[in-house]
Amino acid sequence: MSQKGKYLEKQIEKLINAVIARGYWGQKNHPNRLFDGTYLEGEPFDYYIMTDRVKWAFDTKECAGTSFPIKKKEITQTNNLLHVQRCGFEAFFLVLFGRKLCRFDVNQVVDALEHGRKSLKPEEGKEFDYRRVLE
């Protein structure tokens, strides 16, 4: 049984292994820690995937509720994703609501924040099949 809240991450790890096996690149970012494991700061966002067809930078979330809450951590990740978007990456959040996987582009998150919103609903995202990178 997988750890609660880690299903999507396990699927992305499998995807990254398949991408690398095909000669491309993907990686998971990790928090900055001291040699003894002491936490210093979080990762800028979760993942990169690069092939001849896509350049993705994204963070993953699993939501048990009816909306994706945009908290302080997500605001920091949004700012980091904006930087890599300027470098030509598609930058987004992948949010799993039960069995529905939604993509929220970083600009959509910025727009919500600029309008004083603190969450996004699944119907506002685009349904997403991350396996299409393997086509």
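Values below: every heavy atom of this structure, side chains too, minus hydrogens, waters and symmetry copies.
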| query | Roughly how far, to the nearest 0.5 Å, is the CG atom of Leu94 from the CG atom of Leu101? | reply | 5.0 Å
| Residue Arg53 excluded, over 12 heavy atoms near CZ under 6.0 Å | no
| field | Whether Glu62 side chain and Val95 backbone form a donor-acceptor pair below 3.5 Å | value | no
| task | Check Gln27 against Asn29 and note the closest heavy-atom contact, atom names and distance. | result | NE2-OD1, 3.1 Å
| request: For the pair Ser67 (side chain) and Pro69 (backbone), establish whether a donor and an acceptor sit closer than 3.5 Å, ignoring hydrogens and angles. | output: no
| query | Is the backbone of Asp59 close enough, under 3.5 Å, to the side chain of Asp46 for a donor and an acceptor to pair up by distance? | reply | no
| task | Show your working on salt bridge (charged side-chain N to carboxylate O under 4.0 Å, His left out) between Lys118 and Glu74 and close with a plain yes or no. | result | CA-CA 10 Å; Lys118 298 185 191 271; Glu74 283 76 31; over 6 Å; no
| Less than 4.5 Å apart, any side-chain heavy atom of Ile75 and any of Asn79? | yes
| Under-4.0 Å salt bridge between Glu9 and Lys14 | no
| Smallest separation among heavy atoms of Leu81 and Ala57, with atom names | CD2-O, 3.5 Å
| query | Around atom NZ of Lys71, are there more than 12 heavy atoms of other residues, nucleotides or ligands at under 6.0 Å? | reply | no
| remark: Distance col, row Asp111:CG vs Asp105:CG, nearest 0.5 angstrom, shows 11.5 Å
| At their closest point, which heavy atom of Ala112 faces which heavy atom of Leu120, and how far apart are they? | CB-CD2, 3.9 Å
| Pairwise distance CG(Leu134) to OG1(Thr51) - rounded to 0.5 angstrom | 9.0 Å
| side-chain contact (heavy atoms from CB on, under 4.5 Å) between Arg117 and Leu113, worked out | CA-CA 5 Å; Arg117 298 189 50 212; Leu113 290 167; over 6 Å; no
| said: Is it the case that atom NZ in Lys100 sees more than 12 heavy atoms from other parts of the structure closer than 6.0 Å? | reply: yes
| said: Under a 3.5 Å distance rule, please check whether Arg22 uses its side chain to pair with a backbone N or O of Tyr24 as donor and acceptor. | reply: no
| task | Could you check Phe45, Trp25, Tyr130, Phe128 and say which one makes a ring pair (Phe, Tyr, Trp, His ring centres under 6.0 Å) with Trp56? | result | Phe128
| Nearest non-hydrogen partners of Lys61 and Phe68, listed with the distance | CG-CE1, 3.7 Å
| Counting only heavy atoms not in Glu123, do more than 12 sit closer than 6.0 Å to its CD atom? | yes
| request: Taking the six-membered ring for Trp and the single ring otherwise, decide whether the centroids of Phe92 and Phe58 are under 6.0 Å apart. | output: yes
| request: Take Lys6 and Gln11, measure what side chain to side chain donor-acceptor pair (under 3.5 Å) needs, and give me the verdict at the end. | output: CA-CA 9 Å; Lys6 299 292 182 185; Gln11 299 309 307; over 6 Å; no
| Any side-chain donor near an acceptor of the partner, Lys126 and Gln108, under 3.5 Å | no
| Does Phe93 reach the side chain of Thr78, with side-chain heavy atoms less than 4.5 Å apart? | yes
| task | Of all the heavy-atom pairs spanning Gln85 and Val106, show the shortest one and how long it is. | result | OE1-CG1, 3.0 Å
| CG/Asn107 to CD/Glu114 distance, rounded to the nearest 0.5 angstrom? | 9.5 Å
| task | Please report the closest heavy-atom contact between Tyr48 and Ile16, naming both atoms and the distance. | result | O-CD1, 4.4 Å
| field | Salt bridge flag under 4.0 Å for residues Arg103 and Glu90 | value | yes
| Do Cys63 and Leu96 come within less than 4.5 Å of each other through their side chains, counting heavy atoms only? | no
